[in-house]
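Here the structure is laid out as structure tokens; the discussion comes afterwards.
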Amino acid sequence: MENEELKTRIGSLGDTELIELLKLRDSYQPEAVDFAIQEALRRQIIQSEADLQSAGFQPEHRYQKSIFPHLNPDNQFQKVFNSFMRILYLTAVAPLVFGVLNLLDGDHRGALLLLGLGLLWVGLSVRLQKQKNPQIPVVLLVLFLLGLTRVFFTQINFAALQIMDFVVFGIAFLLFIYVLVYLRVLLMRRTSGGSTSD
């Protein structure tokens, strides 16, 4: 069933889109490439699979592997960008929850700080989604570090933590830093006419 849907979807591509898929065939699943080759043969875009070795079917840009992968089609950029935005919105929950907890504990100053931080985070995330400004992830990174520092030194009981707690926290911390930095890299590439749509 899934293969039939894939075959139908590839069959509905225009010639230009089909050629682009064949150029970037290393980035697709083998089944998708096989269906694309069959469709290109049927439409007589190519005469045989050997035609795929010609210059017309080679990717225009070859990128080395990178910690921040290059995205090929523009819709790929949009999907990754939207996923990162969902992560940013979910992240705003943490300072809001800690702000409410501080409020319940009677720490009004800490509550206002964290609630303000959470609302500022949401506002900047909305602005980032609309404007796609590569400077906003830097501001979000600074806010993240400030909020994390506040929570780390005022909310966490170090005596109760185990080594595995530090490992999990460290992995989550590094992963989130990666998301913000990669988001900035993607936006920088896009604004400079870089490879997010190459």
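Everything numeric in this text was worked out from a predicted model, so none of it was measured.
- Between the side chain of Glu17 and the backbone N or O of Gly14, at least one donor-acceptor pair lies under 3.5 Å.
- Shortest non-hydrogen contact noted between Ala111 and Gly99 is CB-O, 3.2 Å.
- Here the closest heavy-atom approach between residue Pro95 and residue Gly118 is recorded as CG-CA, 3.7 Å.
- Each of Val179, Leu146, Leu180 was scored for a side chain to side chain contact (heavy atoms under 4.5 Å, CB included) with Leu141, with one residue passing: Leu180.
- Between the Asn82 side chain and the Lys79 main chain, no donor and acceptor come within less than 3.5 Å of each other.
- In this structure, Asp165 and Ala160 approach most closely via the heavy-atom pair OD2-O, 4.3 Å.
- The side-chain heavy atoms of Leu128 and Pro137, taken from C-beta on, include a pair separated by under 4.5 Å.
- Between the side chains of Gln38 and Asp34, no donor-acceptor pair of N or O atoms lies under 3.5 Å.
- Rounding to the nearest 0.5 Å places CG of Leu41 at 7.5 Å from OG of Ser48.
- Criterion: ILVMFWY side-chain heavy atoms under 4.5 Å apart, direct or through other members. Under it, Leu88 and Val97 are part of a common hydrophobic cluster.
- Leu90 and Val168 are members of different hydrophobic clusters when ILVMFWY side chains are connected at heavy-atom separations under 4.5 Å.
- Ring pair Phe81/Phe77 is parallel by interplanar angle, where below 30° counts as parallel and above 60° as perpendicular.
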Pair Tyr178-Leu174, side chain to side chain contact (heavy atoms under 4.5 Å, CB included): steps then yes or no: CA-CA 6 Å; Tyr178 174 80; Leu174 291 173; over 6 Å; no
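- With salt bridges taken as basic N to acidic carboxylate O contacts below 4.0 Å, one links Arg42 and Glu39.
- Side-chain N or O atoms of Arg25 include one that pairs as donor or acceptor with a backbone N or O of Leu52 at under 3.5 Å.
- Distance alone, capped at 3.5 Å, is enough to place a donor-acceptor pair between the Arg184 side chain and the Pro134 backbone.
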His108/Leu103 under side chain to side chain contact (heavy atoms under 4.5 Å, CB included): CA gap, chis, key distance, verdict: CA-CA 5 Å; His108 298 289; Leu103 193 59; 3.4 Å; yes
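- The heavy-atom pair separating Ala36 from Leu21 by the smallest distance is CB-CD2, 3.4 Å.
- There is no path of hydrophobic side-chain contacts, each under 4.5 Å, that joins Met188 to Val142.
- For Ala40 against Leu22, the heavy-atom pair with the smallest separation is CB-CD1, 3.7 Å.
- Using a distance-only test at 3.5 Å, with no hydrogens or angles considered, no donor-acceptor pair links the side chain of Asp105 to the main chain of Asp107.
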Full working for side chain to side chain contact (heavy atoms under 4.5 Å, CB included) between Ile10 and Lys7: CA-CA 5 Å; Ile10 288 173; Lys7 192 172 190 176; over 6 Å; no
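- Minimum heavy-atom separation, Thr91 to Ile87: OG1-O, 2.7 Å.
- At a threshold of 4.5 Å between non-hydrogen side-chain atoms, the residues Tyr182 and Leu186 count as touching.
- In this structure, Leu18 CG and Ile46 CD1 are separated by 8.5 Å, a value rounded to the nearest 0.5 Å.
- In this structure, CG on Leu117 lies 12.0 Å from CG on Leu112, to the nearest 0.5 angstrom.
- Using modelled atom types, no side-chain atom of Trp121 and backbone atom of Leu96 make a donor-acceptor pair closer than 3.5 Å.
- Counting heavy atoms from C-beta outward, Leu183 and Ile136 have side chains that stay 4.5 Å or more apart.
- For the pair Phe98/Leu115, no side-chain contact is recorded, criterion being any heavy-atom separation below 4.5 Å from C-beta on.
- The hydrophobic clustering, which links ILVMFWY residues whose side-chain heavy atoms are closer than 4.5 Å, places Phe68 and Phe84 together.
- Between the side chains of Arg86 and Ser83, at least one donor-acceptor pair of N or O atoms lies under 3.5 Å.
- Residue-environment remark: CD1 (Ile163) stays at or below the threshold of 12 foreign heavy atoms within 6.0 Å.
- By the neighbour-count criterion of 12 heavy atoms within 6.0 Å, atom CZ of Arg43 is densely surrounded, having more than that number from other residues, nucleotides or ligands.
- Aromatic ring orientation, Phe144 versus Phe176: tilted (interplanar angle from 30° to 60°).
- Counting heavy atoms from C-beta outward, Glu49 and Ile37 have side chains that approach closer than 4.5 Å.
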Derivation and outcome, side chain to side chain contact (heavy atoms under 4.5 Å, CB included), residues Arg9 and Phe35: CA-CA 10 Å; Arg9 194 164 144 204; Phe35 290 141; over 6 Å; no
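- Placement of Val93 and Leu140 within a single hydrophobic cluster is found when ILVMFWY residues are connected by side-chain heavy-atom separations under 4.5 Å, directly or transitively.
- For the pair Arg190 (side chain) and Leu187 (backbone), a donor-acceptor distance under 3.5 Å is absent.
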